[in-house]
K.L.:
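Supplied in structure tokens, the structure appears directly below.
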Amino acid sequence: MTDTRPVALVWLRNALRVDDNPVLQAALDGGFRPVPVYVHAPGDAGRWPMGAAQRAWLHRSLAALDARLRGLGSGLVLRSGRAQAVIERLVAESGAVAVYGDRRVEPAWRALDQRLDAALARSGVRLEMRQAALLFEPDAESVRTGQGTPYRVFTPFWKTLRRQWPQDRPLPAPTSLPPLPALATGTLADLDLAPRTAWDTGFWEHWEPGGAGAHELLDAFVEGAAGAYDAQRDLPDRIGTSRMSPHLHLGEISPRQILARLADARWNARQKAGIEAYERELAWREFSHHLLWHFPHMQEEDFNPRFARFAWAEPAPQVLEAWRHGRTGIPIVDAGMRELWACGWMHNRVRLIVGSVLTKNLRQHWLAGARWFWDTLVDADLANNSQNWQWIGGTGADAAPYFRIFNPVTQSERFDPHGRYIRQWMPELAALPGKAIHAPWTQPALLARYAPAYPKTPVVDLAESREAALDAFRALR
DNA sequence: GGCGTCTTTGC
DNA sequence: CAAAGACGC
């Protein structure tokens with residue numbers, strides 16, 4: 001039986017799934033024959049082309065999506081180039097009369113969508129964008145302050161979201177899809193996403209990119225850490241978090257699917273507090289996207305304009321290099337940076353600590369940290385990355401200088417009390433006994449005996465640099 | 001949420 | 001009298 005429906009391209013950017021996919025569903029509901037497409041378009045990403053770690057992840061994620069689509073009778077068309085030219089060419093090749101895509105908040109992608117919409121309209125092709133990544137549209141009428149302005153502070157934003165927290169069921173995956181028309185589908189290798197040297201092999205002991213890996217991880221979270229999330233999420237030596245971020249970023253799974261899975265499980269009163277804490281973190285993700293949508297400059301400019309006068313330290317390449325590669329002499333910081341290098345991911349509590357040390361103690365601009373994370377994180381997301389770095393750097397709306405200059409030693413003692421996380425990522429410190437692991441420079445004899453290869457002192461004096469940062473903050477008043 | 005200071009607690 | 005708690009910047 002031949003499929004006589006008109007063709008629509010289903011252009012997937014960060015919606016790499018077939019289930020709960022409003023983009024695919026809209027094309028089907030519109031009576032179209034869907035042609036799934038991924039366009040690798042680094043030239044369209046402005047100053048934030050996808051980093052190396054995420055490209056390595058994407059390579060595997062696209063392979064998984066292609067296999068899933070083939071299983072349904074379809075497949076994935078892979079192309080690279082400038083997205084507008086590629087889409088226009090695919091429209092011509094396939095005879096598509098509509099293009100469906102997933103909406104993004106990144107300024108460069110929004111600009112592309114505007115250009116593409118105008119270009120397609122000239123040839124009578126509709127561009128239909130759908131929200132596939134967020135629970136709330138960032139410009140939703142129902143997500144405004146009393147004055148009708150976008151939120152700039154998380155707590156009132158969260159209160160508003162909670163009042164209308166979604167309960168709807170995810171869309172089911174289609175049971176089958178029509179075959180692709182005769183088109184050159186391209187190969188994954190053509191996209192040149194996988195690393196040339198095999199620096200990423202260690203990643204895949206920790207991760208399984210793609211929808212199946214995402215749902216397995218979600219199941220493990222719901223059956224394991226979710227109910228104690230509020231108590232355990234800050235302890236990096238165990239699996240206390242969901243680790244959904246890379247899957248969420250590429251849309252291998254949707255936040256609505258996560259909410260539904262959590263709602264389907266039975267929780268006692270104690271566990272409900274854990275789930276509530278987790279949902280609050282999903283709301284932080286919504287908040288970051290809300291902010292970047294309304295304040296697009298925050299991808300690289302201070303959210304709080306007062307910081308234009310802030311006395312950042314001169315860029316210090318050697319200090320930055322020590323931070324990047326985990327040679328600061330502060331064990332919890334070095335452990336985090338090593339975890340990042342090894343896994344393409346870092347526990348969120350440790351992200352806060354390394355961010356505080358970089359921006360407050362070393363007083364390097366938050367963008368220096370944001371750029372390193374951008375290249376090394378498999379979950380790199382412009383909205384989350386910019387928002388989190390501005391939060392820890394103090395340039396966000398709610399700067400609180402006294403509280404955000406973390407003492408990395410206190411943080412280490414509180415959140416990694418037995419030093420298990422440090423020892424896991426810092427073999428050269430593993431033999432150091434007891435509490436000395438948090439601040440080995442205070443125990444020079446132990447350091448010399450058990451960890452001779454480790455720096456004798458931190459790259460920066462923590463007390464002194466804290467005072468200097470406070471002075472710099474006070475100068476802004 | 002950090003730190004200095006003052007107060008309370010617990011043995 | 002040391003450790004934990006409360007408070008203000």
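Each chain gets a letter, A, B and so on, in the order the sequences are listed, and its residues count up from 1.
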K.L.:
Do the numbers put A:R110 on top of the ring of A:W293, so that NZ or CZ is under 6.0 Å from the six-membered ring centre and no more than 45° off the axis?
P.N.:
yes

K.L.:
So, applying side chain to side chain donor-acceptor pair (under 3.5 Å) with A:W366, which one of A:N388, A:T359, A:D302 is it?
P.N.:
A:D302

K.L.:
Using a heavy-atom cut-off of 4.0 Å across all strands, would you classify A:R349 as base, sugar-phosphate, or nothing?
P.N.:
sugar-phosphate

K.L.:
When the side chains of residues 325-337 of chain A are checked against the rest of the protein, which donor-acceptor pairs come out under 3.5 Å, sequence neighbours left out?
P.N.:
residue	atom	partner	partner atom	Å
A:H325	NE2	A:E321	OE2	3.2
A:T328	OG1	A:I330	N	3.1
A:T328	OG1	A:D334	OD1	2.7
A:D334	OD1	A:R327	N	3.3
A:D334	OD1	A:T328	N	2.7
A:D334	OD2	A:T328	N	3.2
A:D334	OD2	A:G329	N	2.9
A:D334	OD2	A:Y454	OH	2.5

K.L.:
Between which nucleotides of DNA chain B, 5' to 3', does chain A make heavy-atom contacts below 4.0 Å?
P.N.:
B:dG1 to B:dC3

K.L.:
Do A:F415 and A:V350 come within less than 4.5 Å of each other through their side chains, counting heavy atoms only?
P.N.:
no

K.L.:
Sequence neighbours left out, cut at 3.5 Å: what donor-acceptor pairs do the side chains of residues 462-470 of chain A make with other protein atoms?
P.N.:
residue	atom	partner	partner atom	Å
A:S465	OG	A:N361	ND2	2.9
A:S465	OG	A:D461	O	2.7
A:S465	OG	A:L462	O	3.2

K.L.:
Hey, can you pull the residues of residues 404-415 of chain A with a non-hydrogen atom under 4.0 angstrom from DNA chain B?
P.N.:
A:R404, A:I405, A:F406, A:N407, A:T410, A:Q411, A:R414

K.L.:
Checking A:R261 now: which residues fulfil side-chain hydrogen bond (donor to acceptor under 3.5 Å, both in side chains) with it, not counting sequence neighbours?
P.N.:
A:D219

K.L.:
Going by atom types alone, do A:W48 and A:E300 pair a side-chain donor with an acceptor below 3.5 Å?
P.N.:
yes

K.L.:
Taking only residues two or more places apart in sequence, or in another chain, which ones meet A:R349 in a side-chain hydrogen bond (donor to acceptor under 3.5 Å, both in side chains)?
P.N.:
A:D234, A:Q411

